[in-house]
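In what follows, a single structure is set out as structure tokens and then discussed.
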Amino acid sequence: MSDASVTGEKHGLRTVDRRGLLVGGLALLSGIQAGSGAETAGLKTFAAAKGVRFGGAVQARDLAASAAYAGLVAQECAVITAENDMKWPALQPEPDRRTPEAADRIVAFARAHGLAVRGHTLVWGQDGRMPKWFEAMARSGGPAGARALEAQMVAHIRDLAGRYREAIVSWDVVNETLEARDGRGDGLRRSVLLDVFGPSWIDVAFRTARDAAPDATLVYNDYGTEQAKPWKVQKRTMVLRFLEALKSRGVPVQAFGVQAHLAGDEAFDARSFATFLREIASLGLAIEVTELDVDDHTWPADIGERDRRGAELIERFLDVCLAERATTTVVTWGLGDALSYQNRPGWRKVRSDGSTAPARPLPFDAEWRRKPMWHAMARAFQNAPAR
Ligand code: XIL
């Protein structure tokens, strides 16, 4: 993430904040006053009835900015993920400077409201996602460099997983480390970490996490396995081979994290995705949906039409995920459209129809009203088998 995009995000949020959260607070309050218990039950209630944990990704600064938003999070979610506040560059911007305040605030919020926390992410196997100083250390090379790198990674995992040991129910131990285009037989993404350390960095990360967080579910998290484009079909095979290899080496991986950033312009083939989930489950692994949202930039800007299509896609997707009893968790990447990263500078996509309408990726709108997607999700939980 470049410095420019960090500044851009902050700027974007301020605009959204004034417009969205203030109005949202009023809408939420009136909703709570007017609604019966059944109308106001959050998605977590429908999910919990089937033994599933529902939640959303949050940022500490947004929880602090609006009590109404924070109330909505507590009402809807049984679990929260830190969207950015637990990433390594956010926690240790320099070797000797640690900045856990925002992550601490998320954990304190969860504790105050009785919520679980998903940890995201201990290590990210992609250049540009680890602290700059760590990647520079890797580039400096040599056998001493490899040892220093291992020591830093192990210390980071121990500190972070140990610090939040009580709160975190599952950890994304390794994020996004498979990339077919990099042409390796084992499917691993090329990175400085891989160059210097070798593929065993993944085993070391999981083993260290196991020691530091003995009660958390340890997850491999990745994108691009959900839909029908050829590279995604291929990625499913890569993920299965990778997880199988980890298991056969005795690496303590326990779940696959399906990111589920769904693309509106792609087919979703329920049967082949169901088969993939079954294969994951038959390795003895759980399944967590970790970053669910919809990218609607190719759909017509008309809000009714987009919301209808988004709700339909999410419901079909969740029906398949929830029919698989190994699926334990469903987390959306944010809760409402106004705070989605898809609407932040640096991430906003040009719409196919040329309009500048904001994206509508999530179950709540910019005024924090429930969208058709919210109702589709509630239905999917209601129709799901219990586990
Ligand atoms: C994204 C955040 O939402 C953005 O705010 C940030 O600028 C970049 O990261 N896969 C992941 C998440 O595992 O960590 C990413 O989150 C989205 C894609």
Side-chain angles (χ1 to χ4, degrees), residues 1-17 55-63 65 73 79-91 93 99 102-103 106 117-132 135 160 168 170-179 189 191 193 202 205 218-227 232 235 239 255-263 287-297 329-349 358-363:
M1 186 170 42
S2 71
D3 292 346
S5 88
V6 173
T7 319
E9 280 192 18
K10 282 191 183 145
H11 177 72
L13 186 75
R14 274 200 292 273
T15 324
V16 169
D17 245 338
V58 300
Q59 306 207 78
R61 65 190 186 192
D62 300 334
L63 292 173
V73 170
V79 60
I80 53 178
T81 306
E83 183 180 342
N84 290 308
D85 295 325
M86 282 187 198
K87 291 174 181 170
W88 192 354
L91 292 169
T99 47
I106 287 183
V117 182
R118 287 202 78 254
H120 177 76
T121 174
L122 289 172
V123 193
W124 195 329
Q126 186 166 4
D127 289 347
R129 297 297 190 178
M130 308 286 259
K132 286 194 174 67
E135 293 186 3
L160 177 52
I168 294 201
S170 69
W171 262 116
D172 293 335
V173 178
V174 173
N175 198 34
E176 300 182 356
T177 203
L178 296 174
E179 174 52 72
R189 184 190 294 282
S191 68
L193 190 58
I202 294 165
L218 303 186
V219 182
Y220 174 65
N221 193 49
D222 210 339
Y223 62 87
T225 60
E226 304 84 3
Q227 287 170 295
K232 296 189 178 180
K235 184 137 183 192
V239 165
F256 176 56
V258 182
Q259 287 192 3
H261 294 290
L262 303 182
I287 293 154
E288 304 199 10
V289 176
T290 53
E291 306 186 13
L292 180 63
D293 63 6
V294 173
D295 175 353
D296 68 7
H297 82 279
T329 305
V330 174
V331 172
T332 47
W333 206 237
L335 269 190
D337 298 337
L339 294 179
S340 166
Y341 81 122
Q342 290 189 34
N343 283 319
R344 293 185 207 141
W347 290 101
R348 255 186 107 139
K349 290 188 181 158
R360 298 177 66 81
L362 289 165

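Order of listing sets the numbers, starting from 1, for every ligand and every atom in it. The analysis underlying the following values was restricted to heavy atoms, covering all of them including side chains, and did not include hydrogens, waters or symmetry mates. Keep in mind that this is a model prediction, so the values were computed, not measured.
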### Heavy-atom pair with the smallest gap, counting every atom of T81 and W333
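Looks like CG2-CZ3, 4.0 Å.
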### Query
Side chains of S170 and R118: donor-acceptor distance under 3.5 Å anywhere?
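Yes, R118 and S170 have a side-chain donor paired with an acceptor closer than 3.5 Å.
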### Task
Consider only side-chain N and O atoms of E288 and N221, and report whether a donor and an acceptor are under 3.5 Å apart.
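No, N221 and E288 have no side-chain donor paired with an acceptor closer than 3.5 Å.
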Would [X] count as a polar contact of ligand 1, with the cut-off being nitrogen or oxygen pairs under 3.5 Å?
{"X": "W124", "answer": "no"}
{"X": "Y341", "answer": "no"}
{"X": "N221", "answer": "no"}

### Message
Under a 3.5 Å distance rule, please check whether H261 uses its side chain to pair with a backbone N or O of D295 as donor and acceptor.
### Response
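No; zero donor-acceptor contacts below 3.5 Å.
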### Task
Say whether, by atom type as modelled, one donor and one acceptor occur between the side chain of E226 and the main chain of A260 under 3.5 angstrom.
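Yes, because the side chain of E226 sits within donor-acceptor range (under 3.5 Å) of the backbone of A260.
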### Message
Looking at non-hydrogen atoms alone, which of D293, T81, D222, N84 comes nearest to atom 4 (C) of ligand 1?
### Response
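Heavy atom nearest to atom 4 (C) of ligand 1 belongs to N84.
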### Query
Which of the listed options, K87, Q259, H261, Q126, holds the heavy atom that is closest to atom 15 (C) of ligand 1?
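Closest candidate by heavy-atom distance is K87.
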Under-4.0 Å heavy-atom contact with ligand 1, by part of [X] that carries it:
{"X": "T121", "answer": "neither"}
{"X": "Y223", "answer": "neither"}
{"X": "D172", "answer": "neither"}
{"X": "R129", "answer": "side chain"}

### Query
A82: what forms a side-chain contact (heavy atoms from CB on, under 4.5 Å) with it, not counting sequence neighbours?
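Partners of A82 under the side-chain contact (heavy atoms from CB on, under 4.5 Å) test: D85, M86, I106.
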### Message
Going by side-chain contact (heavy atoms from CB on, under 4.5 Å), name the residues that satisfy it together with K235, two or more places apart in sequence or in a different chain.
### Response
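In terms of side-chain contact (heavy atoms from CB on, under 4.5 Å), with neighbours along the sequence ignored, K235 is linked to L178, D222, Y223, T225, W231, V239.
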### Query
Of all the atoms in ligand 1, which lie at a distance below 4.0 Å from a heavy atom belonging to E176?
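Taking each heavy atom of E176 in turn, ligand 1 has 10 (N), 11 (C), 13 (O), 18 (C) under 4.0 Å.
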### Query
Is E176 salt-bridged to R129, going by a charged N under 4.0 Å from an acidic O?
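Looking at R129 together with E176, the answer is no, because their closest N to O distance does not fall below 4.0 Å.
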### Query
Is Q59 in contact with ligand 1, taking contact as a heavy-atom separation below 4.0 Å?
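Flag not set, Q59 not near ligand 1.
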